[in-house]
Amino acid sequence: MFSRKLLAPCGLYCGICPVYTASREEDPRSRRRLAECLGCAPEDLACDGCLSDNPSPMCRNCRLRDCAVSRGLSGCHLCPDFPCSIINEQPLLVARTVVVKALNEWRELGDEAWAMKWTREEAIRCLCPYCGYALLRGARHCWCCNKPQPD
């Protein structure tokens, strides 16, 4: 179910993030595997979303998040400096590509239409096609069934 409070300023949706979902799972094995992958302790996977007082370890020091919050913007798509140096200097090409695509679509479609379209597409894209387990974008293997993921 879509929740507006889980919409990150960069255009990603926290509701389908494996860290967010792992913090709600009762399965200690999957939390442990995800924590190992991220280089943190399983108890560090507590997350209530990027814009909450309790973001994931990956989002705590996010420059995009900090910038949007400091400017009082709900999303980078509203910023007159978009695309900015923070986005352009993102070291991971896949992340930069996804963020720019998401933010351009968000600008074009508006909040509600974009949020429903994008989050639905992201929910499908971030699931293992073999077992349905939620994965981080760019995962090479599923942490649940261990099958290689398509590019």
Side-chain angles (χ1 to χ4, degrees), residues 1-27 30-31 33-129 132-140 142-143 149-151:
M1 174 190 285
F2 173 74
S3 170
R4 190 157 203 57
K5 72 178 188 163
L6 297 177
L7 195 55
C10 66
L12 299 181
Y13 183 60
C14 299
I16 59 170
C17 173
V19 176
Y20 176 82
T21 56
S23 69
R24 278 137 188 81
E25 286 182 5
E26 298 297 323
D27 179 8
S30 66
R31 285 183 67 148
R33 291 184 78 185
L34 181 58
E36 287 171 10
C37 176
L38 296 173
C40 66
E43 56 271 11
D44 291 337
L45 292 179
C47 175
D48 295 322
C50 161
L51 292 174
S52 73
D53 292 334
N54 185 33
S56 79
M58 298 181 334
C59 297
R60 286 185 191 128
N61 298 313
C62 176
R63 291 175 55 207
L64 284 175
R65 174 182 160 268
D66 293 345
C67 180
V69 168
S70 73
R71 291 177 178 223
L73 301 173
S74 63
C76 298
H77 69 293
L78 298 172
C79 183
D81 299 327
F82 172 78
C84 67
S85 61
I86 298 173
I87 292 171
N88 293 331
E89 293 168 4
Q90 170 57 253
L92 297 171
L93 178 60
V94 69
R96 183 171 56 241
T97 302
V98 169
V99 166
V100 169
K101 178 182 182 214
L103 295 172
N104 278 325
E105 283 189 4
W106 197 352
R107 264 187 168 173
E108 180 183 319
L109 297 175
D111 284 352
E112 293 304 316
W114 173 80
M116 297 310 287
K117 175 186 181 291
W118 180 254
T119 55
R120 186 174 46 250
E121 290 172 0
E122 283 294 285
I124 293 167
R125 187 176 6 264
C126 293
L127 295 178
C128 172
Y133 189 79
L135 301 173
L136 289 173
R137 182 176 283 284
R140 299 271 185 226
C142 176
W143 302 315
Q149 298 300 296
D151 288 332

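Just so you know, these numbers use all the heavy atoms, side chains as well, and skip hydrogens, waters and symmetry mates.
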To the nearest 0.5 angstrom, please state how far the [atom1] atom of [X] sits from the [atom2] atom of [Y].
| X | Y | atom1 | atom2 | answer |
| --- | --- | --- | --- | --- |
| Asp48 | Lys5 | CG | NZ | 7.0 Å |
| Leu51 | Ser74 | CG | OG | 9.0 Å |
| Cys10 | Trp106 | SG | CH2 | 8.0 Å |

Side-chain donor-acceptor distances from residues 58-68 under 3.5 Å, at least two apart:
unit_1	atom_1	unit_2	atom_2	d
Arg60	NE	Pro55	O	3.2
Arg60	NH2	Pro55	O	3.3
Arg65	NE	Cys50	O	2.5

ask   = Given Gln149 and Arg140, is the side-chain contact (heavy atoms from CB on, under 4.5 Å) satisfied, shown in steps?
value = CA-CA 5 Å; Gln149 298 300 296; Arg140 299 271 185 226; over 6 Å; no
remark   = Taken in chain and number order and not counting sequence neighbours, the residues that satisfy side-chain contact (heavy atoms from CB on, under 4.5 Å) with Glu36 are Arg32
Would you be so kind as to tabulate the donor-acceptor pairs closer than 3.5 Å made by side chains of residues 88-100, with sequence neighbours excluded?
unit_1	atom_1	unit_2	atom_2	d
Asn88	ND2	Cys84	O	3.2
Gln90	OE1	Leu92	N	3.2
Arg96	NH1	Gln90	O	2.4
Thr97	OG1	Leu93	O	2.8

Which pair of non-hydrogen atoms, one from [X] and one from [Y], has the smallest distance, and what is that distance?
| X | Y | result |
| --- | --- | --- |
| Leu103 | Cys76 | CD1-CB, 3.6 Å |
| Pro42 | Arg31 | O-NH2, 2.9 Å |
| Thr21 | Gly15 | CG2-O, 3.7 Å |
| His77 | Arg107 | O-NE, 2.7 Å |
| Gly49 | Leu6 | CA-CD2, 4.0 Å |
| Val19 | Cys47 | CG1-CB, 4.3 Å |

task = With side-chain contact (heavy atoms from CB on, under 4.5 Å) as the test, would you mind laying out the steps for Phe82 and Asn104 before giving the verdict?
result = CA-CA 9 Å; Phe82 172 78; Asn104 278 325; 3.3 Å; yes
key: Heavy-atom side-chain contact between Leu45 and Ser56 under 4.5 Å   = no
ask   = Between Leu7 and Cys14, does a side-chain contact (heavy atoms from CB on, under 4.5 Å) hold up when you go through it step by step?
value = CA-CA 6 Å; Leu7 195 55; Cys14 299; over 6 Å; no
